[in-house]
Amino acid sequence: MPQSPFRPRDWESQPSRLIPATNRPSISARKPLIPIKQSLSELTGPVYGHESLAENDGDLTLNARKTGEPIGERIVVTGRVQDENGRPVANTLIEIWQANAAGRYIHVNDQHDAPIDPNFFGTGRVVTDGDGRYKFHTVRPGAYPFAANGDNAWRPPHIHLSLFGPSIATRLVTQMFFPGDPLLPQDPIFMGVPAAARPRLVAEFDMEATEPNWALGYRYDIVLRGRQETPMVD
């Protein structure tokens with residue numbers, strides 16, 4: 001059995017197992033986590049979905065079956081995926097999902113009184129290149145009411161990301177937030193992350209990623225494991 005190439009997860013940078021402010025405690029959150037030793041199969045695979053990417057899967061402004069353009073501020077989200085040693089993680093599948101510009105998901109459980117954009121599905125997927133880099137084209141999501149937290153609670157605009165690294169042991173699900181958002185200090189999910197690790201969830205405005213006359217750019221780098229791991233926020 002080969003020695004694990006991964007450093008232990010740094011739980012000091014991860015959210016608490018129970019965040020009372022969200023009013024959503026789970027049974028598993030009341031019990032201590034049990035580390036499971038990684039097997040050879042977990043260290044070497046599997047990978048999922050890489051072979052089924054379509055041409056426009058990474059462009060959420062184009063990948064809907066639509067009759068027009070999606071509504072909202074167009075943005076580019078790009079960055080680099082790396083391991084705990086700062087090495088690029090190539091050929092890793094990244095899937096994203098988000099609300100539309102009005103703060104509405106296309107999902108039966110989302111009954112927020114905001115319009116559905118028929119030209120925006122809110123999902124996309126790409127595979128990182130040889131340098132671990134990725135890029136999505138999308139629209140900036142809107143804030144939406146967070147009813148579980150009260151009559152006037154709102155979730156800040158955010159994008160969900162799911163990543164598979166070189167093996168299932170490197171799976172990461174997280175959320176990307178936008179810089180300078182006044183709702184961040186009010187969001188129990190963001191605030192549930194230890195203070196020192198919260199900046200890792202906030203993208204940076206990136207003028208180089210901006211596409212002239214079309215879309216503003218944001219950079220969001222992701223670390224799959226180790227002390228600088230991007231916090232897991234699902």
Side-chain angles (χ1 to χ4, degrees), residues 4-38 42 77-89 92 94-99 132 134 140-141 143-150 152-206 218-234:
S4 169
F6 305 120
R7 294 177 182 172
R9 178 154 284 147
D10 178 21
W11 292 107
E12 295 300 319
S13 67
Q14 299 299 324
S16 169
R17 298 191 302 274
L18 177 62
I19 305 176
T22 64
N23 296 324
R24 295 187 301 174
S26 65
I27 295 176
S28 60
R30 303 188 189 108
K31 300 180 180 180
L33 297 178
I34 302 174
I36 300 176
K37 187 175 181 179
Q38 296 156 354
E42 289 170 328
V77 178
T78 186
R80 181 173 179 264
V81 180
Q82 56 191 339
D83 67 12
E84 62 269 32
N85 296 311
R87 298 172 300 194
V89 181
T92 190
I94 304 179
E95 299 178 327
I96 67 170
W97 62 98
Q98 63 169 92
Y134 71 94
R140 181 169 176 141
Y144 57 82
F146 192 32
N149 254 56
N152 195 24
W154 294 77
R155 290 236 54 215
H158 59 278
I159 296 176
H160 300 265
L161 300 97
S162 170
L163 294 88
F164 285 101
S167 70
I168 198 170
T170 55
R171 175 88 190 280
L172 174 73
V173 179
T174 190
Q175 296 180 24
M176 185 201 92
F177 297 90
F178 292 85
D181 192 323
L183 289 174
L184 289 179
Q186 312 299 323
D187 184 48
I189 294 178
F190 179 78
M191 297 301 290
V193 174
R198 288 173 200 157
R200 302 178 207 166
L201 294 175
V202 182
E204 295 183 15
F205 175 72
D206 187 349
Y218 291 89
R219 187 179 76 253
Y220 187 62
D221 294 331
I222 301 166
V223 179
L224 289 182
R225 208 164 174 85
R227 294 185 63 185
Q228 296 302 313
E229 179 183 8
T230 301
M232 298 178 293
V233 184
D234 56 16

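For the residue pair Ser162 and Trp97, the shortest heavy atom distance occurs at CB-CZ3, 3.8 Å. For Pro157 against Pro141, the heavy-atom pair with the smallest separation is CB-O, 3.2 Å. The two residues Pro88 and Arg80 have their closest heavy-atom pair at CD-NH2, 3.1 Å. For the pair Leu184 and Phe190, the tightest heavy-atom approach, listed with the atom from each and the gap, is O-CD2, 3.6 Å.
Salt bridge absent: Arg225 and Glu84 never bring a charged side-chain N and a carboxylate O closer than 4.0 Å. Salt bridge Arg155/Asp187: present, at least one basic N to carboxylate O contact under 4.0 Å.
Exactly one residue among Tyr144, Tyr218, Phe178 makes a ring pair (Phe, Tyr, Trp, His ring centres under 6.0 Å) with His158. That residue is Tyr144. When Leu224, Val233, Val81 are each tested for a side-chain contact (heavy atoms from CB on, under 4.5 Å) with Leu172, only one passes: Leu224.
Between Pro179 and Glu204 there is no side-chain heavy-atom pair separated by less than 4.5 Å. The side-chain heavy atoms of Ile96 and Val77, taken from C-beta on, include no pair separated by under 4.5 Å.
Atom CG of residue Leu183 and atom CZ of residue Phe146 lie 12.5 Å apart, to the nearest 0.5 angstrom. The CE atom of Met176 lies 10.5 Å from the CG atom of Leu201; values are rounded to the nearest 0.5 Å. Between Ile94 atom CD1 and Leu161 atom CG the span is 7.0 Å, to the nearest 0.5 Å. Atom CZ of Arg200 is separated from atom CD of Glu229 by 8.5 Å, given to the nearest 0.5 angstrom. Rounded to the nearest 0.5 angstrom, Leu163 CG and Ile222 CD1 are separated by 4.5 Å. Going from atom CE of Met191 over to atom CD of Gln186 covers 8.5 Å, rounded to the nearest 0.5 Å.
At distances below 3.5 Å, at least one donor-acceptor pair connects side-chain atoms of Thr230 with backbone N or O atoms of Val223. With hydrogens and angles ignored, the 3.5 Å screen pairs no side-chain donor or acceptor of Asp221 with any backbone N or O of Gly79. Panel note: side chain Thr174, backbone Met232; no donor-acceptor pair is recorded below 3.5 Å.
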